[in-house]
Each structure stands twice: as C-alpha cells, then as structure tokens.
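Just below is one structure, and these are the notes that go with it.
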Amino acid sequence: NFEQSNNQSTMFLSDVESSADIVPLSIRLCSQAERLRARLQESVDDDLSFAVKIAETSVSNDVIVALLAMVQCVDRDAENDFRPIPFNRDGGSHDESHASALTDMADQALLTLSELYMVAEAFIKSNGWFPVHDLSSSVQGGIVYEHEGSGETSEEPEINGMNWQMKLMLSIPILTEPGCVDGRVVWAAAVVYYQRLHTRELIQQFDLECEPSGGSYNTVAVIDVLKSDEDGQSARMRGTYHGCWRGLYAEAVGEMDTSMCIGKVLESWTDTTLTGLSVVNKSSARVLVLGLASGQLISFLQQHNPNAQLQVVEASSTAVDIAVKYYHLDPSIIDCVSIVDYVEYVKSQCLEGGESKFDTIIVNVCSSEEAFPTLLLNDMFFNGLMSMLSNHPSATLLVNSGVSVDTVVTLVEDACKNLHGHRHGHMLVLREYLLRDHADMGNEGIIVAARKREWSLSVADWQREHMGEHAQSSGAMAVADAQQTQVVRLEKFLSVQDIELIHKVAKDELAASASPSAGLQVHTDSWKVLYLQHNNVLQRKLPALRQRILEAIRQVDKSHFSLFVNVKHVNIRVVEYHQMDEFGELADPKHYDLNSLLTMDIMLSEEGAFEGGDLQTEEADGTLKKHEFKQGDALVFVSHKPHCVGRVRAGRRNVMVLEFWYGPERQCPHRCERFGQEICAIDPAQHLYTQENPNSKREHQLEQADTPLIPLPFRLGSVSTCKESSREILELLWEPSGNVEVAPGKLTSASEEVEANLDHVWDLFD
C-alpha cells in the first residue's frame, strides 16, 4: 500500500522547491492567472464565442491540471471549511514567505478556475440549460441543470458540438470541491506529479500560458482520481497522463488502485487484453514489453508467471522514475528494464538474428487516446517486431494503436505479408465490447494482434489456450446475443397465499439477521437484500415452492432458450429477497448476472404499493424496455441480458430474484462467485458437495502442463464480430474469474483475504 502523506498533492512542487525559490514562481503564476481571468471577464459578456475560444485554448494548454496543482499546494484544515492551515511562525520568515506564496497561488488558481467555469455555464445557458441549485447532485460538488424548453434535467447536458474542453470546464465545481476521508483532505482529482517540458528549449517550465516565441510542450502528470461504482464503493485510482488531461473519464497509461500493491489487478480493457492474449501459459515464456507505463502491466505478468523471462524497454528515464517513485515498482522489475530508444532496440535485435525470439511482444507506448509515436510508424519497425516472434504456436504481437488505428493496422498487415509472402490473414483487430457508454472522449481503444500463422479467436479458443482443455464453462449466453432475446412473463405465477408465506419467512430471517454474515446485505439505506438460500432456507421452509420454481424454469428454458444442455446439473445459485424503498434503484442499464444461465424475478408487492421501480431490459436496438410486472408475476430472462430497475419514487418494492447456473445449489450468505466446482469457504454445505463430487478436487487443480502458474483473475466472456468499412473487428468482453489458485497441484480455497480483494471486481455484476 502507498504511504499517504498529510499533504500528498504538494509532491509536484518538490522538484521546484529544490531548484528555485517558490516566491518568484508564485509571482509569475499568479500574474499569468490574473491575465487569463481578466481576458475571460472582458469578453464573456460582450462576445461569448470569443470567451469560449480563449477558455478552450487555455484548457488545451493543460491549464486545468496546472491550476488544480496550485489549488492543492497548501495544507487545508478539514475541520475549518478547508481553509489553508497557517504557517508555523517558529519556522522563521523564510517559512512565512513560502506559506504566503503558496496561499496566493492557491487563491488565484481557484478564482481562475471559477472564471473558466462561468464561461462554460454561460455557454450552456445560451443553449437553454440552466443550473438548478435546489436539486442535489449524485456527485459531491456537482451541479444539476434543467433545459428551459423540455424540462429535462441532467448533470452532464449533451449539446451538439460540445467538445471535451467544454465538458472538462463544466466539471470544475467537482474538481474544486474538497472532501474529507478519515481526517484527510481528498480531491476528485489530486495532482501528485506534474512536469511540463518545452520541446524546443528542452527545459521544464510550469506555465499557464503558451510562450509567444512558439514551440510546444510535452506534459506528463500523475493524478489520483476518486472513482465510485453503482454501489457507492469508492477507490482512488492513480494514473499517468501524457499530454493534456481530458478530465475524470480520461484513460490513463497504467491505472491502478492506490489501496493495492502494483500489479494486483488490471483496471483497463487495454491492459486486460494485452495480458489476456499474452502467452502466459508457458512456464518459460519469453515476453517483451515496449513501454513501461506505470509498471502495472508488467508487474501483473510477473506475478502470474514468475518464471517467465521478461524484458522491458522504455525510451524515457522519466517514466521509469515515475513508476518507481509514485507506483512503488518492485526492484526485480527494474532489473528487467532497459532505457533505450525503441527503434534502436528493434534494430539491434534484428541484427542479432535468431538468438532472441519472444513468445509475446507487447507494444504499449501510448494510451488509447493518444497518437502512436510517429517515429515508430514505419515498415522497418513493424517488420522487425514480427521477425522477433518465436515459433511457439501462440506467439503473438500485440499493439496498442492509440488513435492511429488505420496506420498501425496497415503496417502490421504489411508485416504479416512480408513474413509469409502471398499468405496473410494472421492479423486481428480488437476492441472492447462496450457495456457502458462513458460520456468521455468516445475513443474505445484498439488492439492490433498478429501471429505468424493462421489463427482465430473465440471464447473456446482462448479457454483452450489459457485455461486448458478441461476448464469449466458457465454455459451462459454471450452478452451481445443475450441482448437479442425476449423476456418471458408468467402471469400470476404465485398466489397471494404464496407471497404471504414468502414475506413471513423473510420477516423471520430478517429478525435473525444481525450481521451481513447472517445473510443480509445492505446496498444502500434504501435497498436491502436478504439471501434466502443461506443455510438452505428456501428448501427447508418452502420446499413445495422451490420445486414449482424449478419445474417452471426448466419448462421456460425448453420452450424459449435451450440453455440447460444438462438439466440435472442446473441448480439455484441464489435466492434474493429485495426490499427497495424510496430512492432505491439499480441504475446501471448495462448490469447483468454474470455466469448465470437464467434469472427469474417474482413481484411480491401488491399493485399501488410503490411508484416507479420499473424493471427494464436493454433490447436489440439498444433501447430500454419497461415490462408489465404485477403481483404474483414472474419475469424470466437470459441472465446476461442487460437489465436495470428504475428509482422507486414512493412506497416499498418487494421482489424475489432467483438465478440458475451450472454449479451447486449454494447455501452461503451472499451471491456466490465460486463458479461451477470451485470451493466457497463460507458455504456451510461445501463439504457435502465435495463428498458427492469426488472428482471436483482433481478437476479443480491446475493442469501441470501448459497452464499459468497462477491463473488469471479474468477470462474471455464473449467475442462478437462487426464490420466497419471493409475491416472486420472483433469486440471482446472480459469477465472476472473465480480463480484464486496459487500454484500447480494445490487445491484452492477462498480465504477471507482473497474474497475481500475480489469484492471490487464483482461490484458490477452482483
């Protein structure tokens, strides 16, 4: 874990203070801030379009990060309206002048950020959107806007032609609103490190203005962004950003959760894909990574195959310093890093001939929002990379193309042809199957993958290569296919008497549930879930109802879905009794029930007991469909079909939700993620299941040959194909895996520590 200082965000000034006095720096930056503010104030009333141009130009110059760093450069008192903490007079006049200079910088920066926001607000007002201050935002510091014509409200109003600069300026109230966690001041985006290098003069300069003499700047920043999921769980995500920071949704190079050690979990689809398609299922694999980034990806690879021969090439010594200082990169990784120009390295490897061949080559020299380095966009570089691949059947070149997709695709395709003459078709173009529509830059990220021989990529192919021939499969439908399916309504499936009995059982269990371990989970103050499979409650107290449900779900599957290939192995995974009061909701429209086959929702509330709370599913055309759902009705749908529940406006909504899967009928007090025959340490019936299935232990062990020493904590969930122009693109969806094995031949059991570490991964699915 990271050692947090009381004022961590001032780290960006450490180099400045060691090389120059903070007072002249403060005078220069305050003067620049005042000039920018004056220009904005002069034009916002007379010529809004000119004010917008000034503001957007400044934002494109990365002024937001510089101003945030200035705001955060002082210690603040969380118990006194976050005012700057007075300097220590015992320190002498030098400390007093420094403290005064820092406070001046912070004040001037805050005023300038406020002026930038006022320009953005004036812009959206000119488009009919006005702030509504008596409506609370879902985010601390956020503002709700209402359209004067339609009456629509939104925290992120969509306006035709609104660019990322304007969206970033509208987020300034969130960025400048401090919070307090465990007595520490926290920010939505805390600037940990900031460097601005003039490309022509090669000097570091902290400025809010572009130099009139011309030239350009290369900037790099390390920023901690506070992020939360639908369940309100928060994490501080540290990321490195090259070039202009584009806001809270911008993709970092090597993002990681600061509460975890580096390499513990991969956060981005890009890193997950680069790792998931690597040859990690070979104990002596030789892996080359061009681009260290934060060190997150290479640390992950090392942890999951300690015997792999890793070689990392990084062109920037600054990147290495950042990885060591701000990400605590392990010294063993540093030993694998060579600081050398990428082109020169590939040249030298090619000159050596057949001595150095790699089973995986990863090129990760930019984020998905950056352009691929121009100096690397040539045939020689990519031909060299292809020639450096070994003859292992799965040897793969993986390139993060950034925004230079067309050029990189052409170069990799040409390299494949040059390697095999007239034969080609060894290249795949990959991108994320988008479950969520982020209101950000719109760049999905593209990975270009190539092998020396013909290959295809499907879930079965990946599973065979990375998990072995006997790996378990959930049998669940791919999300893209599930979206095409229909919801089946069983009218009046339960009688009023059945429902009263369920309420009574739930009431008795709730009275006995003094803690989450007793089967009660509190999502929010307005949404509680009681697990009726815990200690076999459903089977013990409602055996006839359980049997009727099983018969009904089997008949629905037979008539509509045909997912139960082996019916006798389909069991009830979870039985959830939901109590949702006013403001309760499952807001995420892309939520789905991972690894389950079918889901059954049964309405327990009588008509008129609540308002809102509509069950909605995402249909084939991408729209949300509300379903008629009356007391006693059962709605059955494919578990991987995205669905959500609208906000309850009044009253109480009670439903019972059951999921069905290939695996044991669980009795643990949660929605179990121990898929199939995996071991759940808190299932009181686990020992019985193991006795009934003596082969499960053997099947649960890792295969000795050709499997990772430590299995990946994710697996390929679905592969769908789409065409854009004449190019075929594969869309990949990665899903969390329950694998927690630590070494070959050792039986896995899920410890409490492992369960805790995986909790955040499952938040999207439970």
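Index from 1, following the sequence.
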Side-chain heavy-atom pair Asp321, Tyr193 within 4.5 angstrom cut-off: no

Flag side-chain contact, heavy atom, 4.5 Å: Glu735 against Asn595: yes

Heavy-atom closest pair, residues Leu310 and Ile298: CD1-CD1, 3.9 Å

Intermediate values then yes/no, side chain to side chain contact (heavy atoms under 4.5 Å, CB included), Arg238 and Asp257: CA-CA 6 Å; Arg238 176 163 295 182; Asp257 185 340; over 6 Å; no

Gln195-Thr219 side chain donor-acceptor pair, cut-off 3.5 Å: no

side-chain contact (heavy atoms from CB on, under 4.5 Å), paired with Tyr241, selected from Val65, Asp62, Ile223: Ile223

Heavy-atom pair of closest approach, residues Gln303 and Ile262: NE2-O, 2.9 Å

Heavy-atom pair of closest approach, residues Asn364 and Ala293: ND2-CB, 4.4 Å

Leu292 versus Ala323, closest heavy-atom pair with distance: CD2-CB, 3.9 Å

Side chain Thr258, main chain Arg236, donor-acceptor under 3.5 Å: yes

Short side-chain donor-acceptor distance under 3.5 Å, Asp330 and Ser299: no

Pair Arg453, Asn391: side-chain N/O donor-acceptor within cut-off below 3.5 Å: no

Sidechain-backbone polar pair: Ser268 side chain, Asp271 backbone, donor-acceptor under 3.5 Å: yes

For Phe714, the option from Trp462, Trp269, Trp734 that meets ring pair (Phe, Tyr, Trp, His ring centres under 6.0 Å): Trp734

Short side-chain to backbone donor-acceptor contact, Thr275 and Thr272, under 3.5 Å: no

Criterion side chain to side chain contact (heavy atoms under 4.5 Å, CB included) on Glu344 and Gln349, from CA distance to verdict: CA-CA 9 Å; Glu344 293 302 319; Gln349 290 294 307; over 6 Å; no

Check: Tyr327/Thr240 side-chain N/O donor and acceptor closer than 3.5 Å: yes

Side chain proximity check, Val340 to Val313, heavy atoms < 4.5 angstrom: yes

Side chain to side chain, Leu428 and Trp455, heavy atoms closer than 4.5 Å: yes

Ile322: which of Val192, Val253, Val220 passes side-chain contact (heavy atoms from CB on, under 4.5 Å): Val220

Flag side-chain contact, heavy atom, 4.5 Å: Thr374 against Leu376: no

Trp187 side-chain N/O to Ala189 backbone N/O, donor-acceptor pair under 3.5 Å: no

Stepwise side-chain hydrogen bond (donor to acceptor under 3.5 Å, both in side chains) test for Asp461 and Ser456: CA-CA 8 Å; Asp461 293 331; Ser456 61; 3.0 Å; yes

Between Ser390 and Asp359, a side-chain donor and acceptor under 3.5 Å: yes

Nearest heavy atoms of Phe381 and Asn378, plus distance in Å: N-OD1, 2.8 Å

Stepwise side chain to side chain contact (heavy atoms under 4.5 Å, CB included) test for Val399 and Phe372: CA-CA 10 Å; Val399 184; Phe372 199 85; 3.7 Å; yes

Ion pair check, Lys227 and Glu267, cut-off under 4.0 Å: no

Derivation of the side chain to side chain contact (heavy atoms under 4.5 Å, CB included) call for Leu277 and Leu716: CA-CA 10 Å; Leu277 298 181; Leu716 188 58; 5.8 Å; no

Pairwise distance OG(Ser278) to CG(Leu712) - rounded to 0.5 angstrom: 9.0 Å

Main-chain N/O of Val365 paired to Glu370 side chain as donor or acceptor, under 3.5 Å: no

Donor-acceptor pair, side chain of Gln72 and main chain of Val191, under 3.5 angstrom: yes

Gln296 side chain to Gly263 backbone, donor-acceptor under 3.5 Å: yes

Identified side-chain contact (heavy atoms from CB on, under 4.5 Å) counterpart of Leu397 within the set Ile361, Thr360, Ile362: Ile361

Shortest non-hydrogen contact between Ala449 and Leu430, atoms and distance: CB-CD1, 4.1 Å

Stepwise salt bridge (charged side-chain N to carboxylate O under 4.0 Å, His left out) test for Glu731 and Arg431: CA-CA 5 Å; Glu731 295 185 328; Arg431 74 178 176 199; 2.9 Å; yes

Validation row: Leu732, Leu457 side chains within 4.5 angstrom (heavy atoms): yes

N/O donor-acceptor pair under 3.5 Å between Ser348 side chain and Tyr345 backbone: yes

Donor-acceptor pair between Ser338 and Gln311 side chains, under 3.5 angstrom: yes

Modelled atom types, side-chain donor and acceptor of Thr396 and Arg451, under 3.5 Å: yes

Side-chain touch Val346/Leu385, heavy atoms, less than 4.5 angstrom: yes

Glu56 side chain to Asn163 side chain, donor-acceptor N/O pair below 3.5 angstrom: yes

More than 12 heavy atoms of other groups within 6.0 Å of Leu375 CG: no

Donor-acceptor under 3.5 Å (Arg246 side chain, Leu168 main chain): no

Flag side-chain contact, heavy atom, 4.5 Å: Thr721 against Glu728: yes

Trace of the side-chain hydrogen bond (donor to acceptor under 3.5 Å, both in side chains) decision for Gln165 with Ser60: CA-CA 7 Å; Gln165 292 92 337; Ser60 299; 2.9 Å; yes

Gap between atom CD1 of Ile447 and atom CD of Glu432 - 0.5 Å precision: 10.5 Å

Spacing of OG belonging to Ser367 relative to CG belonging to Asn400, to within rounding of 0.5 Å: 7.5 Å

Nearest-0.5 Å distance, CD of residue Gln463 to OG of residue Ser458: 9.5 Å

